[in-house]
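Predicted, not measured: the structure shown is a model, and the values here were computed from it.
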Amino acid sequence: MNRPCPGFEPLLLDRAAGLLDPVGEARLDRHLAACPACRAGADAIALALSLAALPPPSAAERAAVGQGARQALHRLRADGRRRRLAGGVLIAVAASAAFAVAVPWVLLSRHAPVAPPAAVAGTTGWTLPDLDAAWAAAAAADPESSLEDDPEMLFAELQEIDFDLE
């Protein structure tokens, strides 16, 4: 058996695959009329494809394929529900474990109050100064006072005010 012409072998394969355009189809038909080797190659390709072709699926096969797809979808959805449920349970267990560890730790880590050091314990707290006495000592309430004339006098009166907070 002779091989098809090298320039026409791709056209024979394209025709068998149904990819050949009308111009190429006409060119191939003209060549096949004159070339017995290419005609034999075209017949061999057609025979090989006819042997490899499957018959159309029967109604039972189509139903089985459809049923399998429905079952697979059902299993996929059920698996997703199981995973979500398992994830929720896992989160609840982790939260419970964290709570079970954290609560005793917090309760047991509390210490009794510690007495302040002796240096701090001996001091008294801060007391509010008597502002009325400070105001009277400054003589600021006396409009006849001439403190503005003598700045040294103002400074002397301020020194008399006891700002010591002890």
Side-chain angles (χ1 to χ4, degrees), residues 1-131 134-135 140 158 161 163-166:
M1 177 173 161
N2 293 338
R3 291 188 45 88
C5 300
F8 286 93
E9 192 170 15
L11 292 176
L12 292 172
L13 295 172
D14 287 347
R15 178 187 222 178
L19 301 174
L20 198 58
D21 61 346
V23 174
E25 187 82 32
R27 180 174 171 226
L28 184 61
D29 285 338
R30 282 192 308 269
H31 180 74
L32 289 176
C35 180
C38 286
R39 250 191 328 270
D43 291 340
I45 291 173
L47 177 64
L49 289 177
S50 71
L51 294 175
L54 294 174
S58 67
E61 290 171 332
R62 283 193 299 272
V65 168
Q67 182 65 26
R70 282 190 293 277
Q71 286 176 347
L73 183 59
H74 176 70
R75 286 183 188 141
L76 183 65
R77 287 181 181 159
D79 188 45
R81 284 190 295 265
R82 268 190 240 110
R83 284 187 184 171
R84 283 191 300 274
L85 180 63
V89 168
L90 183 63
I91 289 171
V93 168
S96 298
F99 187 74
V101 169
V103 169
W105 179 74
V106 168
L107 293 176
L108 295 175
S109 66
R110 291 187 179 173
H111 299 288
V114 178
V120 175
T123 62
T124 60
W126 182 77
T127 58
L128 186 66
D130 184 12
L131 296 179
W135 187 263
L158 285 176
I161 299 173
F163 287 107
D164 190 14
L165 300 178
E166 292 181 15

Query - Where G41 and P4 come nearest, the two heavy atoms and their spacing - result: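 Looking at all heavy atoms of both residues, the shortest contact is CA-CG, 4.1 Å.
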Query - Contact summary for L28 and L11, nearest pair of heavy atoms - result: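 Between these two residues, the closest heavy atoms are CD2-O, 3.9 Å.
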Report task. From the options E9, R3, H31, select the one residue that forms a side-chain contact (heavy atoms from CB on, under 4.5 Å) with C38. Result ->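 For C38, the side-chain contact (heavy atoms from CB on, under 4.5 Å) test succeeds with only one of E9, R3, H31, which is H31.
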Requested in this report: Dump the intermediate steps for side-chain contact (heavy atoms from CB on, under 4.5 Å) on R27 and L20, then the final yes or no.
Outcome: CA-CA 10 Å; R27 180 174 171 226; L20 198 58; over 6 Å; no
